[in-house]
Amino acid sequence: MCGIVGYLGTAKAVPVLVSELKCLEYRGYDSAGVAVIEEGRLRVLKAAGKLANLESLLRTENAYATVGIGHTRWATHGAPTDKNAHPHTDSEGQIAVVHNGIIENYRDLKDELISKGCKFASDTDTEVVAHLVSTYYHEDNDMLKAVMTAVRRLKGIYALAIMNVEEPDTIYAVNHHYSLTVGLGDNESFLASDSLAYRQYTNQMVRLDQSEIAVITKNGVRLYGFDGAEASRPPTASDVNAFVADKGQFKHFLHKEISEQPVVLRQTLTKYMPDVNKPVLLRKADTASSGSAPSAGISLTNMQLRGIERIQVVACGTAYHASLIGKYIIEELTSIPVEVEIASECRGRKLLVNERTLTIAVSQSGETADTLAALKDAKSRGSFTLGITNRADSHLAHLTSNLIITQCGIEVSVAATKTYVAQLVSFYLLAMFLAEERDAVDPGRLLELKKGLMLIPTLQEKILGQEEEIRQAANKYKSVQDVVFMGRGFNYPTALEGALKLKELSYIHASGYAAGELKHGPIAVLDEKVPVITILVPGKVYEKTLSNAQEAKARNAQMICVSVEGDQNVHHTFDTILTIPPVDEFLSPLLAVVPLQLFSYFIAEALGKDVDQPRNLAKSVTVE
Ligand code: AGP
């Protein structure tokens, strides 16, 4: 949920640190700060609010140091203020720390340190680390030992970067079940939560293991376990393309990423289904890299796949909504029972999984703590595992040998759009792959669906061509306070996703319901002030969904629908009609979500909201 960066080399550190932080703002933007060492002095410069506030501060400071650490924060302990911004230091201003994650036992440690005379300046859990390292360092002036002793006392999952003013050519980094990578350049080294940050400087990287300490200088890195044992691993090439934070002709990344969805689908389909007359290409290639870098594909054997009796999916937020649709898709094509769990609800539960279960973790970032924890728990109980992620170098990608890597490129906007559609298409591909491996579906039906899937990008482009109509419709509703979304079957999760998009982009309260559920209570909220958005697609549940909409209309709700072009039944019931091209109900979620994404975007834009970085949010939720 926060971003850690570091730099050691021959260039001025501050401009490099700021360029790295710009690439990590997606991880949180409540405050930002840097610490550098100059002429034996530790300089800490930090500011609440967006990175731009720190940049303004730095312009007034002529920092010329060539070593430093930086941080962009999503607040967990302590309000997003200057004093709680990272970096944090010990009382003497000798040790500086930036932190990602949570120190669960910080309260006890803080009390102990205060009793020893430490003076705390912030409300954060992080500051405890600075005082703890300082305390142990002053015992025998051995920084590695001090860091090792300190981290052995910490509970929780976290990543740290630490500097000691007495060692101006070294950064100490600690990873404990988190994500931290070291970039290796020519006579310079980098540190970052995500290799995206330094990809513009180097693509050679070393990923820290689950409980590991890195001692970084400009000439390289040494790795140690928490037990002191030294480790050695060759650098790998980061799979991240040089990151260009470029909106092109768009005003917001969100609008650009919604518009990229047809391209993303074509790239994903071309990679995994280049020929509809042949099996889906999800099996891992024999030539897949045997090194530590993860590679796309499924390594489970046909016998293992045939032996799967149950599938469990764990995910959060938008990925959870995609997974709910994935359930319907997989069950329809393979008859394998699928359970979808909100990953955070798996904590402390007895997960009923075993060696005949396939547990699928869905996470575009591959760093969501709740999802990772649920997958690790399932794995420990003997379940087969599979990951669907947009980041091949993520924590998730290193946790399983069965991977579907979506082809979205980096999604900058905090609200997920193109990665959602890519997760959906990954479920279609996976369901078809499983059906083929298990001979579970009529080949003719499968071919029909594959051909239909190949047409989706073009159909999405037709919807994108209606932007102006959708913008005009959206503007009619920008002042409402509450909105209800509803759908049935494949598009019940579409309603949930539509509601989430409106909430997180415009801050308007919205709820998504199974259309049949409205009459069991939620219908009480309806009156002339409440718009109801219904996803209405010809298929098995069309008539019942239309009836549910008429029940809402009878309560004077403002009626909006997403329906297919040419549907003559909708004009009597709905005031506003957003259309999609005719499509098989089975494939309709790939289209129905697009008008809802644009609807929410245009409302948020009209309200002047911070579309790409909504308040209180972060792109990657790496705390539980
Ligand atoms: C969706 O718009 C949000 N950004 C959020 O719900 C997100 O989908 C969720 O945090 C899961 O993220 P992940 O896919 O990176 O695991």
Side-chain angles (χ1 to χ4, degrees), residues 1-3 24-29 74 178-179 193-194 196 252-255 257-258 261 264 313-326 340-346 360-376 386-397 399-400 403-406 408-424 426-427 485 493-494 496-507 510 512 593-594 596-601 604 609-624:
M1 178 101 44
C2 299
L24 298 192
E25 262 205 299
Y26 73 86
R27 298 173 70 94
Y29 32 86
W74 186 85
Y178 233 90
S179 178
S193 307
D194 181 341
L196 183 66
H252 298 106
F253 279 108
L254 183 80
H255 195 185
E257 289 155 3
I258 291 171
Q261 293 179 126
V264 163
V313 190
V314 294
C316 302
T318 287
Y320 170 71
H321 299 153
S323 302
L324 288 172
I325 294 174
V340 183
E341 298 275 1
I342 292 174
S344 57
E345 283 301 299
C346 296
I360 302 172
V362 184
S363 172
Q364 74 83 17
S365 66
E367 301 296 344
T368 298
D370 292 322
T371 306
L372 297 173
L375 183 71
K376 289 174 186 173
L386 183 150
I388 298 177
T389 185
N390 195 42
R391 298 300 305 274
D393 63 349
S394 64
H395 202 143
L396 171 56
L399 278 176
T400 174
L403 268 181
I404 298 177
I405 298 173
T406 52
C408 298
I410 299 300
E411 185 174 64
V412 176
S413 201
V414 168
T417 51
K418 63 178 182 176
T419 54
Y420 171 72
V421 163
Q423 289 162 356
L424 288 183
S426 299
F427 274 112
F485 290 74
T494 305
L496 298 177
E497 177 59 13
L500 177 59
K501 285 285 115 19
L502 187 62
K503 274 184 284 207
E504 62 180 336
L505 290 170
S506 69
Y507 314 157
V593 72
V594 179
L596 300 180
Q597 293 168 338
L598 288 168
F599 182 83
S600 295
Y601 167 60
K609 299 302 182 189
D610 194 343
V611 167
D612 286 325
Q613 296 183 342
R615 69 183 181 191
N616 306 339
L617 295 183
K619 183 67 177 171
S620 178
V621 184
T622 58
V623 290
E624 291 177 282

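In listed order, ligands and their atoms are each counted from 1.
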Q: Using a strict 4.0 Å cut-off to heavy atoms of Gly317, name the atoms of ligand 1 that fall inside it.
A: 6 (O)
Q: May I ask which of Leu500, Thr368, Ile388, Thr318 has a heavy atom nearer to atom 12 (O) of ligand 1 than the others do?
A: Thr368
Q.
Once you restrict to heavy atoms under 4.0 Å, what part of Glu367 touches ligand 1? Side chain, backbone, both or neither.
A. neither
**Q.** Proximal atoms of ligand 1 relative to Lys501 (non-hydrogen, under 4.0 Å)
**A.** 1 (C), 2 (O)
Q) Non-hydrogen atoms of Val414 versus ligand 1: any pair closer than 4.0 Å? A) yes
Q | Per-atom contacts of ligand 1 with Ala416, taking only distances under 4.0 Å to non-hydrogen atoms | A | 1 (C), 2 (O)
Q: Any chance you could measure Thr318, atom OG1, to Gln364, atom CD, to the nearest 0.5 Å?
A: 9.5 Å
(Q) Quick one about Thr417 and Gln597 (side-chain donor to acceptor, distance below 3.5 Å, no hydrogens or angles considered), yes or no? (A) no
Q: Kindly indicate, with the supporting measurements, whether the criterion side-chain contact (heavy atoms from CB on, under 4.5 Å) is fulfilled by Arg391 and Leu196.
A: CA-CA 10 Å; Arg391 298 300 305 274; Leu196 183 66; 4.3 Å; yes
Q) So, Thr406 and Gln423: side-chain donor and acceptor under 3.5 Å apart, yes or no? A) no
Q) Glu504 versus Leu617: any side-chain heavy-atom pair under 4.5 Å? A) yes
Q. Among protein heavy atoms, which sits nearest to atom 2 (O) of ligand 1, and what does the distance come to when rounded to 0.1 Å?
A. Glu504 OE2, 2.4 Å
Q. Only one of Leu424, Leu324, Val593, Leu502 clears side chain to side chain contact (heavy atoms under 4.5 Å, CB included) with Glu497; which?
A. Val593
Q) So how far is it from His395 NE2 to Thr389 OG1, rounded to the nearest 0.5 Å? A) 12.0 Å
Q: Within a distance under 4.0 Å of any heavy atom of Ala415, pick out the atoms of ligand 1 and give their elements.
A: 2 (O)
Q) Can you tell me which residue and heavy atom of the protein come closest to atom 10 (O) of ligand 1, and the distance to 0.1 Å? A) Val621 CG2, 3.7 Å
Q: Measure the distance from atom 15 (O) of ligand 1 to every protein heavy atom, then report the residue, atom name and distance (to 0.1 Å) of the closest one.
A: Ser365 OG, 2.7 Å
Q: Examine Thr371 against ligand 1 and note whether any of their N/O atoms are separated by less than 3.5 Å.
A: no
Q: For atom 9 (C) of ligand 1, grab the closest protein heavy atom and report residue, atom and distance to one decimal in Å.
A: Cys316 O, 3.8 Å
Q) When Val340 is tested against each of Val362, Val313, Ile325, Ile360 for side chain to side chain contact (heavy atoms under 4.5 Å, CB included), which residue passes? A) Val313
Q) How are the rings of Tyr601 and His255 set to each other: parallel, tilted or perpendicular (split at 30° and 60°)? A) tilted
Q) Which residue and non-hydrogen atom of the protein lie closest to atom 14 (O) of ligand 1, and at what distance in Å? A) Gln364 N, 2.8 Å
